Amino acid sequence: MDKDRARQLIDAAQNRDICDSVIRNAKVVDVCNKEIFTADVYIKDGYFVGFDGNRRAKTEIDAKGRYMLPGFIDAHCHIESSHLSPSEFSDAVVPCGTTTVIADPHEICNVTGLDGMEYMLKASENIPLSVFLMFPSCVPATAFEHSGAILNAPEIEKFIDNPRVLGLGEMMNYPGVASADSTVMDKMQCAWKREKNIDGHAPSITGPALDSYAAAGITTDHECETPAELHDKIRKGMYVMLREGTACRNVLQLLPGVNERNCNRILFCTDDRQPQSIVQDGHVNYGVSLAIQHGLDPISAITAATLNAATCYHLADRGMIVPGKRADFFLSSSIDNGIKAEEVFILGAKQAENGKILHKAMHTKPENVSGKMDVKDFSAAKLSFRPQSDHVKVIEIIPGGVVTGSGEAWIKRDENGEWIHDDGQDVLKLAVIERHHGTGNASTALISGYGMKHGAVATSIAHDSHNIIVVGDNDSDMVKAVEKLIAIGGGITMFKDGEELGTHVLEIAGLMTDLSLEEVTECLSKMHDIADKRLHVSKEIDPFMTLCFMALPVIPALKLTDCGLFDVNAFAFTDSEIK
């Protein structure tokens, strides 16, 4: 707030000046008193002026008795996971009632370094959606894989003072925090000395082990798995996010731990949500609606998605419908049985109606973030898997999240010791191929729970370093899939019996595209249908997003990086053989 704006709002509130607009007959959701009241709401220069009072207004909008909610805030998301550029992402989520996001550009920075940070800031600057960024804390996520960049404290210092950078992104390196590693401490110091937030990422960390993490001033966590863990993290002073993404969904899992005493420490986030999920079900409003439908008090749920998030991230100008705050809000006919944003306003101007954006966001041309594909000497030989035993460890997919099991299987091998696919087993080959520095690195392992019957699926989205990851039952299709990604500069592709079944090109860092929401949704919908009907991927998982997380070496139990099979619980590489 500055003096000129304050004077405008005061004059309008005192009826010395005319308001720009009034929303009449609205049921205002008051997240401060946790109640609903009926009022006419006045707006001036994009900010709320007050309620009722027979003030003058240039335009009138009749809410017709609908609920008036503050714009929803996504407390943690990766825009890259939508496959959309920031402008297209804005066009996708604003019609859902999301008016602010706290985005962690961890994915694109792992591929393109500071160029990715520059691009995300620039591309999200002049769009209706308010985009705040957290500077990625873990590029690379671990020292056990190759990413496209290394970002430490000197790089963080270049951006941390930007007013749209709210702090340090999800601190996945729990061992580094617990051991007070000097590099990790230097990164956190960048946020500490400016009193900015540090986001957490600490699945299954509770009790005394959590104390050191909380003692480091880590503010939030979106990786809770149980109500008991939620309770413990709140006890340690942290905010806990109820996440409803595409592959990771834990609103219902955590809801039993939320009550009237701790709901002020609850936020909502989407983390990783693909465009078809946004189109079909919604964005933050979907997670909020789900919680309400399963017993959470509607006003408490709405408060978590608005005021709580604004409070957590020190966004003092939004999150509630009160005088002097941004007029970011939406109208919905119901708050009890599914929240749908029927009309969405940002700074008092209508941006979307009945699920459709009214004016496309301004597009920014990507610079220095495309064509990031440097793969050395790739051939079928890179996919060789020759364990020293028929009894092997298997990465076990667990539907509904990114945690994997540490499974095992008895396999067949040929006369050279090479793994042979067994049609009677749901066990496939998984490979990760380094794509950033031409190291020639590639590693293989086995995976269960994917369900594919014949063929290969490959993607350049592989959290968090985003090397190429491919799954298949035969080397021929796997090779063709990898070669296709190298040729197009990144994306998602599927092959069966040498035939290309479908490809989604992601020319921005191999993660995003400049295509429209409609084009991306149509392409991915067709590819999901193919994955289901022709490749028979398990219906319990997302065929592409689930695959993306199989290279994430910070989430238990087994994962595969370009350097080898990784046991996250032991935080060390492990052999495939069970001896």
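Here the structure is a predicted model, which is why all the values come from computation and not from measurement.
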Any His504 side-chain heavy atom under 4.5 Å of Thr513 side chain: yes

Run the salt bridge (Lys or Arg N to Asp or Glu O under 4.0 Å) test against Glu353 and tell me which residues pass, sequence neighbours left out. Lys350

Give every residue pair that meets the ring pair (Phe, Tyr, Trp, His ring centres under 6.0 Å) criterion with at least one member in residues 520-543, sequence neighbours excluded. His528-Phe544

Could you measure the distance from the CD1 atom of Ile461 to the OG atom of Ser81? Nearest 0.5 Å is fine. 7.5 Å

Do Thr100 and Arg318 have side-chain atoms, one donor and one acceptor, less than 3.5 Å apart? yes

Donor on one side chain, acceptor on other, Thr404 and Lys559, under 3.5 Å: yes

Are Tyr67 and Phe330 close enough that their ring centres sit under 6.0 Å apart? no

Row check, Phe132 ring normal vs Arg164 NZ/CZ: under 6.0 Å, within 45°: no

Just by distance, with hydrogens left out, do Ser443 and Asp562 show a side-chain donor and acceptor under 3.5 Å apart? no

Return yes if some donor-acceptor pair links the side-chain N/O of Asp104 with the main-chain N/O of His78 below 3.5 Å, else return no. no

Phe159 and Phe135 aromatic ring geometry - parallel, tilted or perpendicular at 30°/60° bounds: tilted

By salt bridge (Lys or Arg N to Asp or Glu O under 4.0 Å), Glu223 pairs with (sequence neighbours left out) Arg243

Should we count NE2 of His454 as having more than 12 external heavy atoms under 6.0 Å? yes

State which residues pass side chain to side chain donor-acceptor pair (under 3.5 Å) with Lys393; sequence neighbours excluded, sorted by chain then number. Thr574

Lys496 vs Asp477, test: salt bridge (Lys or Arg N to Asp or Glu O under 4.0 Å). Steps then yes/no. CA-CA 6 Å; Lys496 183 174 184 177; Asp477 284 331; over 6 Å; no

Are the side chain of Asp199 and the backbone of Thr220 linked by a donor-acceptor contact shorter than 3.5 Å? no

For Glu396 and Ser406, does a side-chain donor sit closer than 3.5 Å to a side-chain acceptor? no

When you compare the side chain of Pro553 with that of Glu145, does any pair of heavy atoms fall below 4.5 Å? yes

Are a donor atom and an acceptor atom from the side chains of Asp115 and Thr112 found within less than 3.5 Å of each other? no

Those residues that, when tested against His463, pass side chain to side chain donor-acceptor pair (under 3.5 Å) (two or more places apart): Glu107

Please report the C-alpha distance between His76 and His222 in whole Å, then the side-chain angles of each, then the deciding distance to 0.1 Å, and finally whether the ring-ring contact (aromatic ring centres under 6.0 Å, His included) criterion is met. CA-CA 8 Å; His76 171 74; His222 61 279; 4.0 Å; yes

CA sep, side-chain torsions, deciding dist, call: Ser525, Gln276, side chain to side chain donor-acceptor pair (under 3.5 Å): CA-CA 7 Å; Ser525 294; Gln276 66 272 27; 6.0 Å; no

Report yes or no: do Glu500 and Thr503 form a side-chain donor-acceptor pair below 3.5 Å? yes

Going by heavy atoms in the side chains, are Ile468 and Ile486 under 4.5 Å from each other? yes

Residues pairing under side chain to side chain donor-acceptor pair (under 3.5 Å) where one sits in residues 355-365, two or more places apart or in two chains, turn out to be Glu88-Lys360, Asp91-Lys360, His363-Asp514

